Amino acid sequence: MSDPIKDSGPVLVGKMKITDGERAKRKELDRAPRPRVASTLVLTCGSRKNLKILMGQRSKRHDFMPSVYVFPGGRVDRADSFAPFAGDLSARTERILEAAYPPRRARAVALASVRETWEETGLMLGAKAKTNRNINNESYDDFRAAGLLPDLSGVEVFGRAVTPPHRHKRFDAWFFVKHLGERHPPRIKDSSELLNVGWFTFEEIEALETQRATDMMLGVLKRYLKADRPPETIFYSRAIRGEFKMLQFPEE
C-alpha cells in the first residue's frame with residue numbers, strides 16, 4: 001500500500017471498483033451530482049506496536065463500493081445539527097471545520113461520525129448524562145435510553161476527500177480519528193450496512209479488499225499518527241479536470 005502524501009502531483013491509489021449498475025446510473029445523469037457532506041470515524045485501539053483499526057465490509061448488494069472494507073461513516077443528517085452531545089472538539093478541529101461551515105454545521109459533521117459508528121458497528125461512544133430530550137431520531141434516542149450523550153472528546157479531523165465526478169453518488173467526506181487507548185478492543189457487531197466488522201492491524205488491512213479512497217486515507221493516517229502533534233491543515237483530495245489532486249485544507 002503506497003503512501004500518497006510522500007508523492008507529488010496527481011495520484012491514483014488502489015483499485016477503483018465500479019459496478020455495471022453504477023456505471024449505467026451515472027450515464028443516466030446529464031452532469032455530475034453535487035457531493036453530499038459525509039463523515040467517517042477511524043477508531044484505533046491498542047499500543048502503537050499493535051494498533052488495531054475498526055472496519056467493516058460493505059454488502060455486495062450495494063451499487064456503490066460493494067464488498068469492500070471501509071471505516072464506519074455516512075451522510076450528515078439534519079438531526080446531527082440539533083442532537084445533544086457531550087465533550088468538546090479541540091480548537092484545531094473546530095478551526096478547520098469552521099473554515100468550511102458555520103459552527104453548528106461544523107459540529108454536526110463531527111457528531112455524524114459518532115452516530116454512524118453506533119449504527120454500523122454497535123459501538124456507542126458516549127458519556128454519562130441525564131437527559132430526557134427526545135429528538136425523534138432512533139440513533140440519538142438510543143444514546144438517551146442508555147443514559148449517554150454522544151461524546152465528541154478526542155475526535156480529531158485528519159482528512160477530507162471528495163468523490164470524483166464519474167460516480168453516480170458523490171460525497172464530500174471528512175475523516176476523523178479517535179484513539180480509545182491501550183485497552184482490549186470493545187465489542188462490536190455487524191449491521192445492515194457493514195458485515196464482518198472487526199478490529200484489524202495495518203498489516204491485516206493490506207489483505208482486505210479496499211477502495212482507492214480508503215487506501216489513500218490509511219496512508220494519510222499513518223503520517224498523522226507519526227507526527228509529534230496534529231498538523232494545522234489536513235490532507236484534502238479531489239479531482240480537478242480528471243486528475244486527482246492532493247491539497248491542504250484550509251489552504252496555507
Side-chain angles (χ1 to χ4, degrees), residues 1-14 16 32-44 53 55 64-65 68 70-77 80-81 89-117 152 154-167 169-179 210-227 229-252:
M1 184 182 301
S2 61
D3 185 347
I5 286 187
K6 293 180 180 179
D7 302 328
S8 60
V11 62
L12 275 174
V13 182
M16 190 168 293
R34 183 177 181 180
R36 297 182 177 182
V37 181
S39 184
T40 294
L41 182 56
V42 182
L43 285 175
T44 63
I53 297 172
M55 299 186 74
F64 183 80
M65 294 174 61
V68 298
V70 296
F71 312 114
R75 287 180 295 182
V76 177
D77 293 340
D80 298 317
S81 294
L89 296 171
S90 70
R92 167 192 169 272
T93 289
E94 280 190 342
R95 177 183 56 77
I96 293 172
L97 292 173
E98 289 178 11
Y101 309 109
R104 181 187 289 271
R105 180 65 168 173
R107 186 179 65 244
V109 174
L111 197 55
S113 70
V114 177
R115 172 183 56 76
E116 286 285 345
T117 296
L152 290 176
V155 175
E156 288 282 350
V157 66
F158 75 93
R160 182 184 183 186
V162 179
T163 310
H166 65 266
R167 291 189 177 276
K169 291 182 181 179
R170 301 182 66 206
F171 299 97
D172 183 353
W174 294 78
F175 289 77
F176 299 87
V177 61
K178 179 172 181 173
H179 185 53
T210 54
Q211 266 281 5
R212 180 202 68 86
T214 302
D215 294 341
M216 177 174 62
M217 284 304 170
L218 282 166
V220 175
L221 178 64
K222 288 179 180 179
R223 287 290 297 273
Y224 176 90
L225 294 175
K226 289 179 180 179
R229 63 179 182 177
E232 293 303 309
T233 60
I234 60 171
F235 175 83
Y236 181 25
S237 170
R238 64 189 181 101
I240 301 176
R241 292 187 291 275
E243 294 183 336
F244 287 99
K245 297 288 186 179
M246 297 179 301
L247 310 170
Q248 295 295 312
F249 185 88
E251 291 184 5
E252 296 177 306

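In what follows, residues are counted from 1 in the order of the sequence shown. These numbers come from a predicted model, not from an experiment.
Val162 and Pro35 make their closest contact through CG1-CG, 3.8 Å (heavy atoms, listed as atom of the first residue, atom of the second, distance). Nearest approach of Arg115 to Arg75, heavy atoms of both residues: NH2-O, 2.9 Å.
Taking Arg92 as the reference, Glu156 meet the salt bridge (Lys or Arg N to Asp or Glu O under 4.0 Å) condition, with sequence neighbours excluded.
You'll find the side chain of Met217 reaches within 4.5 Å of the side chain of Phe235, heavy atoms only. In this structure, the side chains of Arg104 and Ser81 come closer than 4.5 Å at one or more pairs of heavy atoms. In this structure the side chain of Val109 reaches within 4.5 angstrom of the side chain of Val37, judged on heavy atoms. With contacts defined as side-chain heavy-atom distances shorter than 4.5 Å, the pair Trp174/Ile96 qualifies. Residues Phe175 and Ile234 fail the side-chain proximity criterion, which asks for heavy atoms closer than 4.5 Å.
Ring geometry for Phe158 against Tyr224 counts as tilted: the plane angle lies between 30° and 60°, on a 0 to 90° scale.
The CE atom of Met246 sits 9.5 Å away from the CE atom of Met216 when rounded to the nearest 0.5 Å. The CZ atom of Arg223 sits 14.5 Å away from the CG atom of Leu218 when rounded to the nearest 0.5 Å. For the atom pair His179 NE2 and Thr44 OG1, the distance stands at 5.0 Å (nearest 0.5 Å).
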**OP:** Apply side-chain contact (heavy atoms from CB on, under 4.5 Å) to the pair Leu97 and Phe176, showing each step before the final yes or no.
**Re:** CA-CA 11 Å; Leu97 292 173; Phe176 299 87; 4.0 Å; yes
**OP:** Step by step, work out the side-chain contact (heavy atoms from CB on, under 4.5 Å) result for Glu116 and Leu41.
**Re:** CA-CA 8 Å; Glu116 286 285 345; Leu41 182 56; over 6 Å; no
Subject >> Trace of the side-chain contact (heavy atoms from CB on, under 4.5 Å) decision for Thr214 with Val68 >> reply: CA-CA 9 Å; Thr214 302; Val68 298; over 6 Å; no
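Distance alone, capped at 3.5 Å, is enough to place a donor-acceptor pair between the Asp80 side chain and the Asp77 backbone. Under the 3.5 Å distance criterion, the side-chain polar atoms of Ser39 are left unmatched by any main-chain donor or acceptor of Val76. Checking side-chain atoms of Arg238 against main-chain N and O of Leu247 turns up no donor-acceptor pair under 3.5 Å. Under the 3.5 Å distance criterion, the side-chain polar atoms of Thr93 are matched with a main-chain donor or acceptor of Val157. With hydrogens and angles disregarded, no donor-acceptor distance shorter than 3.5 Å links the side chain of Arg160 to the backbone of Tyr236.
For CZ of Arg36, the number of neighbouring non-hydrogen atoms (other residues, nucleotides, ligands) closer than 6.0 Å is 12 at most.
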